[in-house]
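Down below is the structure, laid out as structure tokens.
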Amino acid sequence: MKLILENIKELVQVDPMQRLWVAGKSMAEVQTIKNAYLIVQDELIEDFGPMENLPDSDFETDDLVMEIDCSGKMVFPSYCDSHTHLVFAATREGEFVDRIKGLTYEEIAERGGGILNSAKRLQEMPEDDLYEQAMLRLEEISALGTGAVEIKSGYGLTTESELKMLRVIRRLKQNSPLMIKSTFLAHAFPLDFKLRRKEYMNLLVNEMIPQIASEELADFVDVFCDRGFFTMEETARILETGLEYGMPGKVHANELANSGGVQVGVKYNALSADHLEFLGDEEIAALMGSETMPTVLPGAAFFLNMQLAPVRKMIEAGLPVAMASDFNPGSSPSGNMNFVQSLGCLKYGMTPEETIHATTINSAYAMGISKNYGSIAKGKVANLFITKEISSYAVIPYSFGSNLIETVILNGEVQ
Ligand code: NIG
Ligand code: FE
């Protein structure tokens with residue numbers, strides 16, 4: 001099957017160099033082709049270029065060819081959302097109201113709300129129901145332009161429930177057209193282990209991780225390394241165990257304090273360090289030259305009214321920056337990557353170009369897939385979206401809250 005997109009007003013995020021990430025000053029430049037074509041063969045991008053170079057052939061007579069006229073519309077590589085918790089049992093709008101009335105996120109967590117609240121609800125919910133709900137969320141984000149998504153466990157907390165969550169993610173991988181990566185997340189200490197941290201740590205490294213690895217249920221291992229959650233030492237032990245079982249690390253780090261999470265993540269070559277609201281010169285120095293993608297989660301900072309990660313400083317230091325949605329019921333109940341771009345521009349002072357790199361190629365790197373996703377290049381998977389008629393690509397972050405995406409193409413197929 002061949003799909004030909006013609007008369008594309010602007011083909012955005014073209015990268016013949018096939019870079020695996022884009023850092024520093026280069027983030028301000030996005031390569032595009034005006035009045036372009038793009039040819040998809042089966043699930044891959046076969047060719048693209050300016051319309052005048054469109055190969056002449058008898059496409060029209062062939063049944064196996066589908067043509068789409070994209071006059072006035074732009075084509076982008078799908079967003080890669082490298083950080084979500086989109087398998088969950090229930091929304092938490094009660095806590096949202098409590099916060100409006102003055103409680104903090106940490107105070108709510110201390111009272112057994114927060115992650116522990118989600119864990120309780122998830123433990124009670126049958127696997128099939130979790131699956132159905134999560135599939136609806138995937139359909140929602142797919143219509144908003146996301147073509148690849150990482151999904152974490154971490155609302156299970158017991159071995160049984162963590163495995164349940166990861167099996168749900170495995171079913172989503174099998175049945176959704178989105179590219180999905182799964183991550184085991186050591187998220188919090190359950191209440192009954194609060195005074196027995198060592199025992200829970202032993203359970204994580206001697207039971208949960210080995211079992212997850214033996215059933216091949218996770219691609220990565222993540223730890224919430226922050227004040228009130230996992231310490232640097234505990235994080236190191238979990239990341240080390242993950243690596244022993246062939247699962248690269250990721251970290252939730254420096255959201256609530258200068259937790260040392262960034263440094264531990266870098267030490268264990270974590271693929272990404274995420275959140276980063278508390279990021280000073282030391283953390284920036286640790287990230288420089290590392291293999292760890294600094295990942296900012298603007299939705300969570302916006303929803304919890306937190307201080308913002310110093311994105312401008314990071315880019316000026318020469319770092320790459322990725323952005324993801326953190327879609328979850330407690331700190332970011334939205335998986336809308338268009339809105340993430342808007343927040344990037346409006347709150348973090350990023351240019352539209354910088355947010356494009358942050359939500360495509362850099363976030364693809366943060367989930368280990370930037371060889372095959374995250375930019376327009378020959379041989380990459382054809383996960384794309386066609387916009388409505390728009391005047392320029394900056395209209396996407398500018399029109400916060402709107403969905404300007406008209407057509408979604410995943411694995412070369414129009415959805
Ligand atoms: O990435 N920060 C830790 N974990 C999630 C939130 C979890 C929750 O509140 O349910 C996050 O923001
Ligand atoms: Fe998260």
Side-chain angles (χ1 to χ4, degrees), residues 81-99 103-123 130 134 137 149-157 161-162 165 169 181-190 220-230 234-235 238 249-257 259 261-262 265 270-279 293-309 322-335 337 340 343 363 366-367:
D81 189 351
S82 61
H83 181 141
T84 79
H85 310 246
L86 67 69
V87 174
F88 58 86
T91 51
R92 299 203 324 243
E93 64 278 15
E95 295 175 10
F96 164 68
V97 175
D98 287 343
R99 280 193 303 102
L103 282 185
T104 68
Y105 182 69
E106 281 175 286
E107 282 164 354
I108 290 167
E110 278 158 20
R111 294 172 186 204
I115 295 165
L116 297 181
N117 176 4
S118 278
K120 188 163 174 290
R121 303 297 295 271
L122 186 130
Q123 285 161 7
L130 285 169
R137 292 182 197 119
V149 61
E150 180 257 18
I151 312 174
K152 299 175 196 295
S153 72
Y155 288 134
L157 302 185
S161 290
E162 285 297 321
M165 272 190 96
I169 302 173
K181 288 284 183 188
S182 64
T183 300
F184 167 65
L185 169 62
H187 209 176
F189 285 85
F220 309 118
V221 166
D222 190 347
V223 188
F224 188 10
C225 182
D226 227 317
R227 188 173 67 201
F229 293 86
F230 289 84
E234 289 161 348
T235 302
I238 296 166
K250 287 167 82 74
V251 279
H252 276 71
N254 300 54
E255 175 187 6
L256 307 171
S259 61
V262 167
L271 207 45
S272 71
D274 305 27
H275 278 294
L276 313 182
E277 280 76 12
F278 289 80
L279 200 82
M293 176 60 69
T295 302
V296 174
L297 308 171
F302 172 70
F303 190 73
L304 297 184
N305 234 330
M306 286 187 288
Q307 68 176 61
L308 303 180
M323 294 194 308
S325 74
D326 198 15
F327 193 1
N328 78 75
S331 68
S332 185
S334 162
M337 291 292 277
V340 165
L343 290 174
S363 49
M367 55 189 287

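For ligands, and for the atoms within them, numbers begin at 1 and follow the listed sequence.
At the Fe ion (ligand 2), the vertex angle linking OD1 of Asp326 with NE2 of His85 is 90° (nearest 10 degrees). Of the angles at the Fe ion (ligand 2), the one spanning NE2 of His252 and NE2 of His83 is 90° when given to 10°.
For ligand 1, one of its N or O atoms has an N or O atom of Asp326 under 3.5 Å away.
For the pair Arg121 and Tyr155, the cation-pi criterion (under 6.0 Å, within 45° of the ring axis) is not fulfilled.
His85 contributes atom NE2, which lies 9.5 Å from atom OG1 of Thr183 (distance to the nearest 0.5 angstrom).
Each of the following atoms of ligand 1 lies closer than 4.0 Å to a heavy atom of His187: 3 (C), 4 (N), 5 (C), 7 (C). Within ligand 1, the atoms closer than 4.0 Å to a non-hydrogen atom of His83 are 1 (O), numbered from 1 in the order shown.
Using a 4.0 angstrom heavy-atom cutoff, Phe88 does not count as in contact with ligand 1. Ligand 1 has no atom lying under 4.0 Å from any heavy atom of Phe229.
Closest heavy-atom approach to atom 6 (C) of ligand 1 among the candidates Tyr105, Phe327, Phe303: Tyr105.
A donor-acceptor contact closer than 3.5 angstrom is absent between the side chains of His252 and His187.
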Report task. Go through the steps to decide whether Lys152 and Asn328 satisfy the test side-chain contact (heavy atoms from CB on, under 4.5 Å), and finish with yes or no. Result -> CA-CA 10 Å; Lys152 299 175 196 295; Asn328 78 75; over 6 Å; no
Query raised in the report: What do the steps show when you test Asp326 against Asp274 for side-chain contact (heavy atoms from CB on, under 4.5 Å), and what is the final call?
Result: CA-CA 9 Å; Asp326 198 15; Asp274 305 27; over 6 Å; no
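In terms of heavy-atom proximity, Gly156 sits nearest to Leu122 at CA-CD2, 4.0 Å.
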